[in-house]
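Predicted model only: the values in this text are computed from it and were never measured. The figures that follow rest on heavy atoms only: side chains count, while hydrogens, waters and symmetry mates do not.
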Amino acid sequence: MFLPAALYNGSMSVSYQVIGGAGLDVDFSVTTPSGVLLIMERRRSDGVHTVEPTEAGDYMICFDNSFSTISEKLVFFELIFDNQQDDEEPDSWAEVVEPDELLDIKLEDIKESIESMKSRLERSLQMQAVLRAFEARDRNLQDSNLARVNFWSAVNVGVLVTVAFLQVYMLKSLFDDKRKIRT
């Protein structure tokens, strides 16, 4: 269970992916601070949801694996808040520049370009994190398959060696002379 705080006018995006464990599926739910269930999914391996908060407060994000009591799961999830108020001072540099100077580009255009680049870079970072999660899931699956192949290969080699010794013994027993020779 995870409890992120969301603002009323913001947007909250949740993406998740099961990257390890048996079955690669979990139950997922999102609940408002007042207890209203917004999203409920059962036995999914991944999902992407965007929620427009109708009230400010702590939203409950829950990943449930109670249907699989034996195996544990490894879940990658990412929370993205848009239109949130930042604690930093984005306009502090604007006070240093005098707006009366003759510039080819207006100060507002520069600010829009910088904000656009910032949002695109943030989205690129988010996509890279999602791709790393896909890679981690595939790597876990590959490791489990490798262990399974190695185990059954060892069993196969053991059976092969046993059959070889059994065949040699049976072939030797066919050519053994069981008569006693007296000279």
Between [X] and [Y], does any side-chain N to carboxylate O distance fall below 4.0 Å?
X: Glu135; Y: Arg132; value: no
X: Arg139; Y: Asp143; value: yes
X: Arg42; Y: Asp64; value: no

Note to self: Walk me through whether Val168 and Met170 qualify under side chain to side chain contact (heavy atoms under 4.5 Å, CB included).
What the structure shows: CA-CA 6 Å; Val168 167; Met170 292 297 287; over 6 Å; no
Looking only at heavy atoms, what is the nearest atom pair of [X] and [Y], with distance?
X: Thr31; Y: Gly35; value: CG2-C, 3.5 Å
X: Phe76; Y: Ala133; value: CD2-CB, 3.1 Å
X: Asn140; Y: Gly20; value: ND2-CA, 3.8 Å
X: Pro53; Y: Met12; value: CD-N, 4.3 Å
X: Glu72; Y: Asn65; value: CA-ND2, 4.0 Å
X: Lys73; Y: Ser71; value: CE-OG, 3.9 Å

Check: Should the heavy atoms of other residues, nucleotides or ligands under 6.0 Å from CD1 of Ile70 be counted, would the total exceed 12?
Finding: no
Just so I know, are the side chains of [X] and [Y] near enough to count as touching, which here means a heavy-atom distance under 4.5 Å?
X: Leu37; Y: Ser29; value: yes
X: Arg43; Y: Asp27; value: yes
X: Pro33; Y: Tyr59; value: yes
X: Gln142; Y: Asn145; value: no
X: Phe165; Y: Val161; value: yes
X: Val14; Y: Ile61; value: yes
X: Val75; Y: Ile19; value: no

Within this structure, what is the [atom1]-[atom2] distance for the pair [X] and [Y], rounded to the nearest 0.5 Å?
X: Ser116; Y: Ile114; atom1: OG; atom2: CD1; result: 10.5 Å
X: Leu171; Y: Asp176; atom1: CG; atom2: CG; result: 10.0 Å
X: Ser119; Y: Met117; atom1: OG; atom2: CE; result: 10.0 Å
X: Asn156; Y: Phe151; atom1: CG; atom2: CZ; result: 11.5 Å
X: Asp25; Y: Phe67; atom1: CG; atom2: CZ; result: 4.0 Å
X: His49; Y: Ser15; atom1: NE2; atom2: OG; result: 9.5 Å

Checklist line | Among Leu74, Val18, Leu24, side-chain contact (heavy atoms from CB on, under 4.5 Å) partner for Arg137 | finding: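 With Arg137 as partner, side-chain contact (heavy atoms from CB on, under 4.5 Å) holds for just one option, Leu24.
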Next item on the list: Sort out for me which residue in Leu125, Val130, Leu131 forms a side-chain contact (heavy atoms from CB on, under 4.5 Å) with Gln128.
Entry: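 By the side-chain contact (heavy atoms from CB on, under 4.5 Å) criterion, Gln128 pairs with just one of Leu125, Val130, Leu131: Leu125.
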Margin query: Would you call the rings of Phe63 and Phe28 parallel, tilted or perpendicular, taking 30° and 60° as the class edges?
Written below: tilted
Notebook entry, point to check: Step by step, would you call Arg44 with Glu41 a salt bridge (Lys or Arg N to Asp or Glu O under 4.0 Å)?
Noted result: CA-CA 7 Å; Arg44 296 281 311 263; Glu41 292 184 337; 3.2 Å; yes
Next item on the list: Is it possible for you to say whether Phe81 and Val30 belong to one hydrophobic cluster, with membership spreading through side-chain heavy-atom contacts below 4.5 Å?
Entry: yes
Checklist line | Flag, side chain of Thr32 to backbone of Val36, donor-acceptor distance under 3.5 Å | finding: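 Indeed, once roles are kept as given, a pair shorter than 3.5 Å links the two residues.
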Next item on the list: Take Ser34 and Glu55, measure what side chain to side chain contact (heavy atoms under 4.5 Å, CB included) needs, and give me the verdict at the end.
Entry: CA-CA 9 Å; Ser34 62; Glu55 56 187 295; 3.0 Å; yes
